Amino acid sequence: TFIFEKNCEMAYELSGKLLEIFPTQEVSASFKKREFVIEKSESVNDRVFTDVIKFQLIQDRCALLDSYKLGEEVKVTFNIKGSKWEKEGRTNYFVNLDVWRMEKVAAGNNQSNESAPTYVEPAPLPEAEDDLPF
């Protein structure tokens, strides 16, 4: 397994290979999201452990992925968001990894390349207009 690097209050960083990019989804008239997957591998005691982690971008941040290609090494800065959803007497819990910053990582090290990080100031979530849990 891997360890998230905590860089400040409630924000985490993770680097890995961009494995999947999904199209933007219009969840409601006032809410959109775009998901993507990063493959994270690490070596522990001569064994390689690989995890695939799905992240999401919301609202205006959906466009952050437009300049990235599959297979690129990226570093994401994200918040862990949890929510509770109740419907018809059933309770479900959801966890989302909300990315608010992305940058390319130069091949062979964890330093970013000459391009500046892609960053959009985090914005508050709008109120959902439907009863969907996401």
Side-chain angles (χ1 to χ4, degrees):
T1 62
F2 59 91
I3 298 172
F4 289 114
E5 300 170 24
K6 186 172 183 176
N7 68 354
C8 63
E9 185 174 313
M10 300 303 294
Y12 298 85
E13 289 182 349
L14 183 126
S15 297
K17 183 172 73 172
L18 193 53
L19 192 62
E20 297 252 7
I21 298 174
F22 299 101
T24 299
Q25 299 174 346
E26 299 283 338
V27 177
S28 71
S30 62
F31 183 73
K32 64 182 177 179
K33 69 177 182 174
R34 189 170 185 189
E35 298 175 324
F36 64 98
V37 177
I38 290 179
E39 180 182 72
K40 172 72 175 171
S41 295
E42 73 176 335
S43 216
V44 177
N45 297 329
D46 296 326
R47 293 184 60 194
V48 176
F49 295 92
T50 301
D51 290 297
V52 290
I53 304 106
K54 183 170 70 170
F55 292 91
Q56 74 174 11
L57 296 155
I58 58 170
Q59 303 303 76
D60 294 341
R61 285 171 258 163
C62 293
L64 290 178
L65 279 169
D66 292 345
S67 64
Y68 292 89
K69 297 178 184 153
L70 296 179
E72 286 184 308
E73 291 290 323
V74 297
K75 179 168 78 171
V76 294
T77 306
F78 62 98
N79 296 327
I80 299 173
K81 302 284 183 149
S83 59
K84 179 179 176 179
W85 178 62
E86 295 180 14
K87 185 175 182 179
E88 299 175 2
R90 297 184 68 195
T91 302
N92 288 302
Y93 298 91
F94 297 89
V95 175
N96 291 310
L97 305 178
D98 287 345
V99 172
W100 52 272
R101 181 179 181 178
M102 284 186 77
E103 60 188 284
K104 295 178 183 178
V105 175
N109 63 34
N110 285 339
Q111 300 295 323
S112 62
N113 64 10
E114 295 177 12
S115 67
T118 308
Y119 174 78
V120 175
E121 186 66 32
L125 290 174
E127 291 296 320
E129 295 180 8
D130 53 34
D131 63 351
L132 292 176
F134 44 87

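Excluded from the calculations below are hydrogen atoms, water molecules and symmetry mates; all remaining heavy atoms, backbone and side chain alike, are included. These figures come from a predicted structure and were not determined experimentally.
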Nearest heavy-atom contact between Ile38 and Leu14 is CG2-CD2, 3.9 Å
Atom [atom1] of [X] and atom [atom2] of [Y]: how far apart are they, to the nearest 0.5 Å?
{"X": "Ser41", "Y": "Phe49", "atom1": "OG", "atom2": "CZ", "result": "11.0 Å"}
{"X": "Gln59", "Y": "Lys32", "atom1": "CD", "atom2": "NZ", "result": "7.0 Å"}
{"X": "Lys69", "Y": "Ile21", "atom1": "NZ", "atom2": "CD1", "result": "10.5 Å"}
{"X": "Ile58", "Y": "Lys33", "atom1": "CD1", "atom2": "NZ", "result": "10.5 Å"}
{"X": "Asp66", "Y": "Thr24", "atom1": "CG", "atom2": "OG1", "result": "7.0 Å"}
{"X": "Leu70", "Y": "Leu19", "atom1": "CG", "atom2": "CG", "result": "7.5 Å"}

Does a side-chain heavy-atom distance below 4.5 Å link [X] with [Y]?
{"X": "Glu73", "Y": "Lys104", "answer": "no"}
{"X": "Asn92", "Y": "Lys87", "answer": "no"}
{"X": "Thr50", "Y": "Lys17", "answer": "no"}
{"X": "Val37", "Y": "Ile53", "answer": "no"}
{"X": "Val44", "Y": "Arg47", "answer": "no"}

>> Over 60° means perpendicular and under 30° means parallel, so tell me whether Phe55 and Phe36 are parallel, tilted or perpendicular.
In response: parallel
**Request:** Look at the side-chain heavy atoms of Ile, Leu, Val, Met, Phe, Trp and Tyr, link any pair under 4.5 Å apart, and say whether Val95 and Tyr12 land in one connected group.
**Result:** yes
Q) Can you check whether Gly71's main-chain N or O pairs, donor with acceptor, with Glu39's side chain at less than 3.5 Å? A) no
Report task. Mark yes or no for whether Tyr68, through its side chain, and Met102, through its backbone, hold a donor-acceptor pair below 3.5 Å. Result -> yes
Paired with Asp98, the side chain to side chain donor-acceptor pair (under 3.5 Å) test is passed by just one of Lys81, Arg61, Gln56, namely Gln56
